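Working notes, beginning with the structure itself.
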Number of protein chains: 2
Amino acid sequence: MPRTGRPRGFNRDEAVVAAMLLFWEHGFESTSLAQLRAAMGGISPASFYAAFESKEGLFREVVQQYISTYGQVSESFCDTTMTSKAAIEQGLRRSARMQTERSHPQGCLLVLSAVNCSPEQKHIRDMLAKERERVRNWIKDCIERAVANGELPDSTDIHMLVTLFETFLQGISTQAQDGAPYEIIDAAITQLMSIWDTLSAS
Amino acid sequence: MPRTGRPRGFNRDEAVVAAMLLFWEHGFESTSLAQLRAAMGGISPASFYAAFESKEGLFREVVQQYISTYGQVSESFCDTTMTSKAAIEQGLRRSARMQTERSHPQGCLLVLSAVNCSPEQKHIRDMLAKERERVRNWIKDCIERAVANGELPDSTDIHMLVTLFETFLQGISTQAQDGAPYEIIDAAITQLMSIWDTLSAS
DNA sequence: GGACTTCTGGAACGATTATTATATAATTAA
DNA sequence: TTAATTATATAATAATCGTTCCAGAAGTCC
């Protein structure tokens with residue numbers, strides 16, 4: 001927050017949101033600086049680099065912006081105020097709902113926006129992989145809690161079950177991008193969650 | 001097959017395979033012509049364009065090459081010599097096995113190689129979406145057959161069940177790219193298929 | 001009113017993008 | 001042996017990539 005100097009001519013927060021929508025739709029490498037600058041209010045290269053340092057710097061901010069807004073749906077996975085089953089189920093349903101909304105690009109930015117990378121920018125892909133791992137660990141903790149408190153039997157294959165739910169969760173991104181409506185994914189989630197009852201009954 | 005003229009100085013088939021591996025790993029836009037030409041035996045721009053017309057032309061050939069080799073694993077979904085359940089299960093397991101092999105890039109080329117696209121090349125993404133739809137229709141036909149011959153009850157929500165399996169199938173690509181081993185995905189498939197028995201018993 | 005600080009417009013940077021032009025080499029058919 | 005055909009090497013194309021430079025504009029502080 002500079003107390004002196006010429007004031008910025010554009011709204012930084014709005015610019016980050018505009019950039020997020022572009023990166024979300026086209027991905028990190030396929031979104032050009034010219035596109036970004038145009039969407040951010042037609043700002044000049046100088047303004048861009050003064051505010052964000054680099055394209056990668058902006059992308060890092062965009063990822064945090066996404067996580068703290070749209071991405072919050074996956075925080076259901078680490079919500080311990082409900083049963084583990086309810087947490088997993090709500091996490092899946094809210095993710096499916098958010099990712100299929102038409103008011104923004106479809107799918108999950110953390111899954112989609114750095115799939116295609118040239119070798120010299122593999123660290124961008126790795127960065128998103130780390131963010132996905134955070135979500136995976138939430139799911140893992142959630143299922144471990146279920147075993148610990150008797151929601152699921154001790155014999156439960158935790159690693160397998162985490163992979164089952166995470167694989168489905170990640171598949172939602174492609175489904176959403178291909179235009180699948182929320183209702184059908186929601187129905188599939190209902191069917192998927194029936195596995196939980198099968199497991200808890202045994 | 002030209003009967004006259006100077007013979008080609010490189011093996012066209014091998015060049016397509018080399019290009020496939022690059023597109024598979026980095027995606028359509030993130031793979032440059034310079035990289036491609038180097039991997040294809042260090043051929044010149046002139047040789048490249050004489051043989052493939054354009055980068056897009058090469059990519060279309062690559063997609064067909066993939067479908068007729070590695071991609072064949074998904075033809076299990078349209079194999080009517082076994083039960084529908086066995087066809088779905090085998091399609092998933094073979095896809096998981098192939099996509100996690102370390103002898104080539106991980107994941108499915110049809111799912112991964114055109115996720116990030118600039119607007120002017122959206123038709124590339126659409127082309128792959130069409131190929132994915134072919135697989136989806138195999139799954140759909142397979143499940144419809146199951147309902148028709150009594151493997152699954154008439155009350156089965158076909159659209160839901162197709163989405164359930166396809167979403168999981170597409171999620172395998174991200175799992176494989178993130179380094180998930182075959183065994184754990186295979187275990188998840190076993191659990192996923194238990195849904196089939198739940199449905200057929202009702 | 002300077003001095004200081006920050007942001008902006010605009011031009012330019014070198015590198016890389018996919019693609020094309022030109023001239024020549026290597027083959028077959030007549 | 002000449003013509004026709006196809007592939008080659010090399011150079012150059014225009015456009016775009018992310019980024020930097022520079023002079024000036026627009027503020028606050030003393």
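Quantities reported herein were computed from a predicted structural model and do not represent experimental measurements. Below, read A as the first sequence line, B as the second, and so on, with proteins coming before strands; counting in each chain starts at 1.
Nucleic acid contact class of A:S32 (heavy atoms, under 4.0 Å, all strands): sugar-phosphate only.
Side chain of A:T69 to backbone of A:Q65: a donor-acceptor contact under 3.5 angstrom is found.
Contact check, A:S44 against C:dC7: no side-chain N or O comes under 4.0 Å of OP1 or OP2. Look at A:R6 and you won't find any side-chain N or O under 4.0 angstrom from OP1 or OP2 of C:dT8.
Closest approach to the B:F10 side chain among C:dG9, D:dT8, D:dG24 is made by D:dT8 (side chain taken as heavy atoms from C-beta onward). Counting only heavy atoms from C-beta on, A:Y49 has its side chain closest to D:dT19 among D:dT19, D:dC21, D:dT8. Comparing C:dG9, D:dT19, D:dT10 by their closest approach to the side chain of A:P45 singles out D:dT19.
From A:S74, atom OG reaches atom CZ of A:R134 across 7.5 Å, with rounding to the nearest 0.5 Å. Once rounded to the nearest 0.5 Å, the distance linking CZ of B:F165 with CD1 of B:I195 reads 6.5 Å.
Aromatic ring centres of B:F28 and B:F59: separated by under 6.0 Å.
Checked by distance alone, A:T4 brings a side-chain donor or acceptor within 3.5 Å of a matching partner on the base of D:dG27.
Look at CG on A:L33: it is 8 Å from C1' on D:dT19, rounded to the nearest Å. Spacing between atom CD of A:Q35 and atom C1' of D:dT19 amounts to 17 Å, rounded to whole angstrom units.
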